[in-house]
There are 2 protein chains.
Amino acid sequence: MPRPTKQSPERGNARHRLLEAARDIIRAKGFAATSVDDLCRAADVTKGAFFHHFASKDALGVAVADFWAETTTDFFAAAPYHAPPDPLARVLAYVAFRKAIILGEIAEFTCLVGTLAQEVYATAPDIRDACGRSIFGHTDTLVVDIEAARIDRGIADDWTAESLARHTQAVIQGGFVLAKAGNDPALARESLDHLDRYIRHLFHVT
Amino acid sequence: MPRPTKQSPERGNARHRLLEAARDIIRAKGFAATSVDDLCRAADVTKGAFFHHFASKDALGVAVADFWAETTTDFFAAAPYHAPPDPLARVLAYVAFRKAIILGEIAEFTCLVGTLAQEVYATAPDIRDACGRSIFGHTDTLVVDIEAARIDRGIADDWTAESLARHTQAVIQGGFVLAKAGNDPALARESLDHLDRYIRHLFHVT
DNA sequence: ACACATACCAACCGTATGGTATGTTTTCCA
DNA sequence: TGGAAAACATACCATACGGTTGGTATGTGT
């Protein structure tokens, strides 16, 4: 049996390996501190291959933010928190899931596009916007359940589902910042407990 | 009258100008993307002067985090939110104050040590720890009022004053991340509204 | 008047950086 | 089975980077 001849544009080739290396290294060292040579070395690829696939380092930044958006979309779509029939239970299960996946090294559970946006927001608008699409695209997936829970429970308050969805991301991102500053993942989990309590308050859950 | 001969080590000299330049430029471009030459140019100082005052670029990073801690401590100590006699009112006034100072350009209201910690947590432990001291030193100033409000109102819940103080910082830092990713300061203010609502819920304020 | 320390400056150094020019190899498809 | 095109590799370039060197000007304590 021949090994795969027509190589898929998404699996195992230099471009894909470079994106994986970028995802891992940029999360640990930041974008500016990550050199093109670093990425080539990690992906076992030459510089010629890098600039064949990406017009510039900034273009790699945009591509890796898009790559992050795709992979996290798939990851969360396949996650178990969608199982409960009750929409509010799904929202709370989401928060619990986000807390549960805060494990291991800090660079392994923190958010690429959060750190990337924080670093380049003023210097690389293209990368910043790609990060924004990833973050706010994810919040959109939460809005449906929050809004359903809101109608379901007859909550009439002065907040919107979109706003609460964004707030969940703010708490998660802020937890990551504190975890990094304090060098302790528990700091990220702690804020998710407060978020859980807040949502229960909003929906009058005891 | 002679102009001051023995120059104070804290005012107007090269070191102080470099710290101010570092505070402003690093907030906008990030630490790694800010070159020593950038700082010298902005502070109108030569490279010789830079390395006279700071042993390395990393040492400047530690110094600017400490500088940030000092100036923000003074700034918040002088802020008006300490006025209310009721401790809970002071806590809510703090949140309102944090919301009120989110004005103008993103680089002007966001947190130096939050971005700095996020960028260098894995590569420069010294800078990271200086950022941690700044952030958690600030949370400590909130704990007193939160704990007083807790006792005052007889709240017996499963959270601590320290934990809630840290959560306020997580929400603030996360709001900054979203504001940068979405290029809109309103995103930072929005999360502070949720934080305000959360605290009112916790203390049973209508 | 002397020794000494601090603050600062201009010029320089080795290296690492993002990026390019020019191949060579592999894959696809007519 | 050609031949074009995509996918890589090698060698190189100009520059910008963090950091060093040797020096001067000025104040300071004795």
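Just so it is clear, the structure is predicted and the values come from calculations on it, not from any experiment. Just so we're on the same page: letters track the sequence lines, and every chain starts at 1.
Side-chain proximity of A:D37 to the nucleotides C:dT17, D:dG19, D:dC8 is greatest for C:dT17. In this structure, the nucleotide among C:dC9, C:dG18, D:dG18 sitting nearest to the side chain of A:V36 is C:dG18. Comparing C:dC9, C:dT20, D:dG18 by their closest approach to the side chain of B:F51 singles out D:dG18.
Of the side-chain N and O atoms in A:H52, none sit less than 4.0 angstrom from OP1 or OP2 of D:dA9.
One atom, CG of A:L39, and another, P of C:dA16, lie 17 Å apart when rounded to the nearest Å. Distance, A:K47 NZ to D:dC13 C1': 10 Å, rounded to whole Å. One atom, NE2 of B:H53, and another, P of C:dT6, lie 12 Å apart when rounded to the nearest Å. What separates CZ of A:F31 from C1' of C:dT17 is a distance of 13 Å, to the nearest Å. Rounded to whole angstrom, the span from the CG atom of B:D38 across to the C1' atom of D:dG18 amounts to 12 Å.
Residue-level contact check: B:S35 touches the backbone only, with heavy atoms under 4.0 Å from sugar-phosphate atoms and none from bases.
Both the sub-6.0 Å distance and the 45° axial angle are satisfied by A:K57 relative to the ring of A:F31.
Panel note: side chain A:R128, backbone A:A117; no donor-acceptor pair is recorded below 3.5 Å.
Not a single donor-acceptor contact under 3.5 angstrom links the side-chain atoms of A:K57 to the base of C:dG19.
Two rings, from A:F203 and A:Y198, have their centers 6.0 Å or more apart. The aromatic ring centroids of B:F75 and B:F97 lie less than 6.0 Å from each other.
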